[in-house]
Participant: 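Pasting in a structure now, in structure tokens, and then I'll have a few things to ask.
This one's a predicted model, so the numbers in the text were calculated from it and none came from an experiment.
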Amino acid sequence: MTSLSDEQWMRLALDQARLAADAGEVPVGAVVVQNGQVIATGRNAPIASHDPTAHAEVVALREAARVLGNYRLDGCTLYVTLEPCAMCSGAMLHARLDRVVFGAADPRTGVAGSVLNLFGHTQLNHQTQVTGGVLADACAQLLQDFFKPKRVNADPVREDALRTPDAAFAGLPDYPWPPRYVNDLPSIAGLRMHYLDEGPQDAPLTWLCLHGNPAWSYLYRKMIPVWLAAGHRVVAPDLIGFGKSDKPKKDRFHQFETHRQSLLDLLARLDVQRVVLVVQDWGGIVGLTLPMAAPARYKGLLVMNTTLATGEQPLSAGFLAWRDWCQSQPQFDVGKLFARGNPGMTPAETAAYNAPFPDKGFRAALRAFPPMVPAMADAPGAAISRQAQAFWQRDWQGQSLMAIGQQDPVLGEPVMRHLQSQIRGCPEPMLLPDAGHFVQEQGRAIAEAAVRHFKP
Ligand SMILES: [Zn+2]
């Protein structure tokens with residue numbers, strides 16, 4: 001009877017090990033050979049079979065015994081890719097196996113010479129012959145490949161930042177759009193910024209939706225479908241520190257100029273054209289300073305409760321009260337804040353506003369933004385805001401539309417009327433008597449009016 005060499009039988013055991021790896025099990029394989037024939041195979045399967053004893057050798061021994069109709073495996077040799085453990089070696093001795101041939105040594109649990117040699121005890125009544133090191137490199141390589149990280153993380157979180165787990169955003173109501181990310185914007189290199197980008201690239205209009213504190217692009221969920229239905233494009237980023245974007249750990253990361261530049265970088269990267277800038281709250285405080293940097297990109301401005309904080313006039317009493325409240329309530333419930341002004345919001349919608357902030361480590365932006373509104377003429381952001389004011393008054397060539405949520409105590413009608421006077425050609429505002437600060441929660445009607453107002 002011709003017999004294949006040990007190496008050739010070991011190759012069959014390696015095939016079994018690969019099958020184990022494919023199944024997500026540690027890749028160890030075995031075959032039992034008798035009279036020059038494989039009578040049984042086995043592969044490691046403890047996970048799938050919920051069986052701590054389902055090592056390749058035990059599986060193969062059971063199969064061989066079943067095939068032979070005998071629990072004694074006289075005349076059999078077992079080939080296994082890894083040095084057997086105590087359990088498997090014990091089973092082989094009980095089976096009175098003639099010979100065991102293994103591939104790679106296992107310095108942690110191997111008992112065929114590595115940790116100890118169970119087969120070397122002459123007191124035991126049965127002696128099983130041992131051969132080790134057959135195709136050892138191939139057998140070890142398979143294990144190394146299996147334990148190597150599955151792939152290098154191409155998108156690591158910067159050490160000074162946190163990333164809200166994706167699971168926090170699972171199943172949000174009325175927010176079906178896939179996330180898009182950019183992590184190499186020059187001003188915030190290594191921080192991952194999230195944005196929505198829906199509709200055709202060559203659409204006649206692109207609605208650039210900028211949220212404020214403590215919101216995120218979720219705030220625009222009622223307006224986005226209206227614009228997409230009109231065949232337009234929508235780009236809605238989450239500011240760094242908010243939504244699905246990375247969250248720097250330190251409050252001091254958050255600077256007016258950093259956020260402004262990160263948005264300019266994103267717009268340059270996406271090369272948006274024929275833009276209607278849609279702003280509210282910080283979306284406007286920063287966003288209204290953007291068009292003067294590249295006026296040719298912009299066709300229109302849709303402005304809701306916000307301001308240009310030039311530092312020349314004192315901040316409104318409503319804003320100062322908000323700023324004080326944020327400071328005294330550093331752990332305030334973000335979702336409840338939205339629900340307070342929007343009693344129609346469902347619990348799931350309320351939760352969506354809390355989703356970006358699983359614990360206080362994620363909340364640096366919430367702490368940093370209120371004090372960052374320029375209050376003095378020399379405050380960071382004030383000078384650029386004055387330049388923007390001049391741009392809107394003198395140089396703005398596009399169409400404008402203003403919508404005011406009249407229930408807003410912070411950036412309501414008086415603040416907005418003042419802003420209207422600073423925007424060249426801004427018509428009489430659209431007034432929403434029931435809307436509060438987060439005007440977008442009643443945004444469907446505004447979006448529909450805007451489609452009629454802005455002519456491509
Ligand atoms: Zn074992």
Participant: If you count the non-hydrogen atoms of other residues, nucleotides and ligands that lie under 6.0 Å from CD in E159, is the total more than 12?
Facilitator: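 Count not over threshold, so no.
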Participant: Could you work out, with ring-ring contact (aromatic ring centres under 6.0 Å, His included) as the rule, every residue matching Y218, not counting sequence neighbours?
Facilitator: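 Result, ring-ring contact (aromatic ring centres under 6.0 Å, His included) vs Y218: Y175, W216, Y353.
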Participant: Report yes if some heavy atom in the side chain of W227 is under 4.5 Å from a heavy atom in the side chain of V276; otherwise report no.
Facilitator: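 With C-beta onward as the side chain, the pair stays apart.
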Participant: I'd like to know if D155 and R192 make a salt bridge, using a cut-off of under 4.0 Å between side-chain N and carboxylate O.
Facilitator: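 The answer is yes: the pair qualifies as a salt bridge.
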Participant: Check this for me, if you would: do R269 and D184 make a salt bridge, where the nitrogen-to-carboxylate-oxygen distance has to be below 4.0 angstrom?
Facilitator: yes
Participant: Does any non-hydrogen side-chain atom of L419 lie less than 4.5 Å from one of L288?
Facilitator: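 Yes, at least one pair of side-chain atoms sits under 4.5 Å.
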Participant: Evaluate the side chain to side chain contact (heavy atoms under 4.5 Å, CB included) criterion for residues M193 and I240: first the C-alpha distance (whole Å), next the side-chain angles of each, then the deciding distance (0.1 Å), finally the verdict.
Facilitator: CA-CA 6 Å; M193 182 182 256; I240 291 294; 4.1 Å; yes
Participant: Measuring only between side-chain heavy atoms, which start at C-beta, is L302 closer than 4.5 Å to L277?
Facilitator: no
Participant: Apply side chain to side chain donor-acceptor pair (under 3.5 Å) to the pair S114 and E83, showing each step before the final yes or no.
Facilitator: CA-CA 8 Å; S114 288; E83 183 180 352; 2.5 Å; yes
Participant: When you measure from the side chain of E198 to the backbone N and O of W177, does any donor-acceptor pair fall under 3.5 Å?
Facilitator: no
Participant: Any non-hydrogen side-chain atom of V80 less than 4.5 Å from a side-chain atom of V28?
Facilitator: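 V80 vs V28: side chains touch.
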Participant: Just by distance, do the side chain of D408 and the backbone of L411 share a donor-acceptor pair under 3.5 Å?
Facilitator: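 Yes, the answer is positive, given that a donor and an acceptor are paired below the 3.5 Å cut-off.
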Participant: Looking only at heavy atoms, what is the nearest atom pair of F438 and N213, with distance?
Facilitator: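 Looks like CE2-O, 4.2 Å.
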Participant: Kindly indicate, with the supporting measurements, whether the criterion side chain to side chain contact (heavy atoms under 4.5 Å, CB included) is fulfilled by E63 and T41.
Facilitator: CA-CA 7 Å; E63 173 68 6; T41 65; 5.9 Å; no
Participant: How would you list all residue pairs meeting ring-ring contact (aromatic ring centres under 6.0 Å, His included) that involve residues 41-64, not counting sequence neighbours?
Facilitator: none
Participant: Classify the side-chain pair T310/Q389 by whether it contains a donor and acceptor separated by less than 3.5 Å.
Facilitator: no
Participant: Between I285 and L308, does a side chain to side chain contact (heavy atoms under 4.5 Å, CB included) hold up when you go through it step by step?
Facilitator: CA-CA 5 Å; I285 295 171; L308 256 177; over 6 Å; no
Participant: Nearest 0.5 Å please: distance from the CD atom of E57 over to the CG atom of N44.
Facilitator: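 Atom-to-atom, E57:CD and N44:CG are 8.0 Å apart.
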Participant: Between the side chains of D271 and Q273, is a donor N or O closer than 3.5 angstrom to an acceptor N or O?
Facilitator: yes
Participant: Do Q406 and E413 pair up side chain to side chain, a donor and an acceptor below 3.5 Å, judged on atom types alone?
Facilitator: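 Yes - a donor-acceptor pair under 3.5 Å links their side chains.
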Participant: For V38 and V31, work out which heavy atoms get closest and say how close.
Facilitator: CG1-CB, 4.3 Å
Participant: Report the distance from atom CG of L401 to atom CD1 of I423, rounding to the nearest 0.5 Å.
Facilitator: 10.5 Å
Participant: Determine, for R417 against E428, whether the closest basic-nitrogen to carboxylate-oxygen distance falls under 4.0 angstrom.
Facilitator: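 Salt bridge present between R417 and E428.
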Participant: Do the side chain of Q440 and the main chain of M223 share a donor and acceptor less than 3.5 angstrom apart?
Facilitator: no
Participant: Under a 4.0 Å threshold between the charged nitrogen and the carboxylate oxygen, would E441 count as salt-bridged to R221?
Facilitator: yes
Participant: Hey, are the side chains of V275 and V272 touching, using non-hydrogen atoms and a 4.5 Å cut-off?
Facilitator: yes
Participant: Is a donor on one side and an acceptor on the other found under 3.5 Å between the side chain of H211 and the backbone of A236?
Facilitator: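 No, because the side chain of H211 does not come within donor-acceptor range (under 3.5 Å) of the backbone of A236.
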Participant: If we only count heavy atoms from C-beta on, is the R323 to L315 side-chain gap below 4.5 Å?
Facilitator: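 Counting from C-beta outward, R323 and L315 do come under 4.5 Å.
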Participant: Verify side chain to side chain donor-acceptor pair (under 3.5 Å) between N305 and D281, making sure each step is shown before the conclusion.
Facilitator: CA-CA 6 Å; N305 298 32; D281 191 81; over 6 Å; no
Participant: Kindly indicate whether the side chain of R180, heavy atoms from C-beta on, has any atom under 4.5 Å from the side chain of H194.
Facilitator: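 With C-beta onward as the side chain, the pair stays apart.
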Participant: Once you round to the nearest 0.5 Å, how far does OG1 of T258 lie from CG of L239?
Facilitator: 11.5 Å
Participant: Check whether any side-chain N or O of K247 sits under 3.5 Å from a backbone N or O of G243 as a donor-acceptor pair, and report yes or no.
Facilitator: yes
Participant: Can a cation-pi geometry be assigned to R340 and W325, taking NZ or CZ under 6.0 Å from the six-membered ring centre and within 45° of the ring axis?
Facilitator: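 Yes - R340 lies over the ring of W325, closer than 6.0 Å to its centre and within 45° of its axis.
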Participant: Checking S245 side chain against G241 main chain: does a donor-acceptor pair fall under 3.5 Å?
Facilitator: no
Participant: Is there a donor-acceptor pair under 3.5 Å between the side chain of E349 and the backbone N or O of G335?
Facilitator: no
Participant: If you draw the axis of the six-membered ring of F169, does the NZ or CZ of K244 fall within 45° of it and under 6.0 Å from the ring centre?
Facilitator: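 Because its charged atom sits under 6.0 Å from the ring centre and within 45° of the axis, K244 does stack over F169.
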Participant: Counting neighbours of CG on D359 that are heavy atoms of other residues, nucleotides or ligands and sit closer than 6.0 Å, is the number greater than 12?
Facilitator: yes
Participant: Is a side-chain donor or acceptor of S421 paired with a backbone partner of H418 at a separation under 3.5 angstrom?
Facilitator: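 Yes; at least one donor-acceptor contact below 3.5 Å.
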Participant: Give the minimum heavy-atom separation between P291 and W392, together with the two atoms involved.
Facilitator: CG-CZ2, 3.6 Å
Participant: For D265 and S262, which I'm curious about, is there any donor-acceptor pair between the side chains at under 3.5 Å?
Facilitator: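 Short answer, no.
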Participant: T109 side chain to C85 main-chain N or O, any donor-acceptor pair under 3.5 Å?
Facilitator: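 Pair absent, no side-chain N/O of T109 close to backbone of C85.
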Participant: Any idea which heavy atoms bring R43 and Q16 closest together, and the distance?
Facilitator: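 Heavy atoms only, the tightest pair is CB-O, 3.4 Å.
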Participant: Any Lys/Arg nitrogen of R444 or E448 sitting under 4.0 Å from an Asp/Glu carboxylate oxygen of the other?
Facilitator: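 Salt bridge flag = yes for E448 with R444.
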Participant: P330 and R363: which non-hydrogen atoms are nearest, and at how many Å?
Facilitator: O-NH2, 3.1 Å
Participant: Please step through side chain to side chain donor-acceptor pair (under 3.5 Å) for the pair D137 and Q141, ending with a clear verdict.
Facilitator: CA-CA 6 Å; D137 290 347; Q141 190 64 52; over 6 Å; no
Participant: With a sphere of 6.0 Å drawn around NZ of K250, does it hold more than 12 non-hydrogen atoms of other residues, nucleotides or ligands?
Facilitator: no
Participant: For R367, does its backbone N or O pair with a side-chain atom of D251 as donor and acceptor, under 3.5 Å?
Facilitator: no
Participant: Find out whether T289 and Q387 are in side-chain contact, i.e. whether some heavy atom of one side chain is under 4.5 Å from a heavy atom of the other.
Facilitator: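 Side-chain contact under 4.5 Å: no.
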Participant: For atom NZ of K249, is the number of surrounding heavy atoms from other residues, nucleotides or ligands below 6.0 Å larger than 12?
Facilitator: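 Yes, the 6.0 Å shell around NZ holds more than 12 heavy atoms from other groups.
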Participant: Rounded at 0.5 Å granularity, tell me how far OG1 in T81 sits from CG in L135.
Facilitator: 10.5 Å
Participant: What are the two closest heavy atoms between T164 and A355, and how far apart are they?
Facilitator: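 That closest heavy-atom pairing would be CG2-O, 3.5 Å.
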Participant: Are W396 and Y298 an aromatic pair, judged by ring center distance below 6.0 Å?
Facilitator: no
Participant: Please determine whether the number of non-hydrogen atoms from other residues, nucleotides or ligands lying under 6.0 Å from atom CD of E312 exceeds 12.
Facilitator: yes
Participant: Is any NZ, NE, NH1 or NH2 atom of the basic residue among R163 and D246 found under 4.0 Å from an Asp or Glu carboxylate oxygen of the other?
Facilitator: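 Salt bridge present between R163 and D246.
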Participant: Which pairs count as ring-ring contact (aromatic ring centres under 6.0 Å, His included) when at least one residue sits in residues 365-391, sequence neighbours excluded?
Facilitator: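 Counting only pairs at least two positions apart or across chains, the ring-ring contact (aromatic ring centres under 6.0 Å, His included) contacts touching residues 365-391 are F242-F369, H254-F369, H259-F369, W282-F369.
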Participant: Using 0.5 Å steps for rounding, measure from the CD1 atom of I188 to the CG atom of L185.
Facilitator: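 Rounded to the nearest 0.5 Å, the CD1-CG separation comes to 4.5 Å.
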Participant: Quick one, V286 with L263, criterion side chain to side chain contact (heavy atoms under 4.5 Å, CB included). Give me CA distance, side-chain angles, the key distance, then yes/no.
Facilitator: CA-CA 9 Å; V286 168; L263 289 170; 3.8 Å; yes
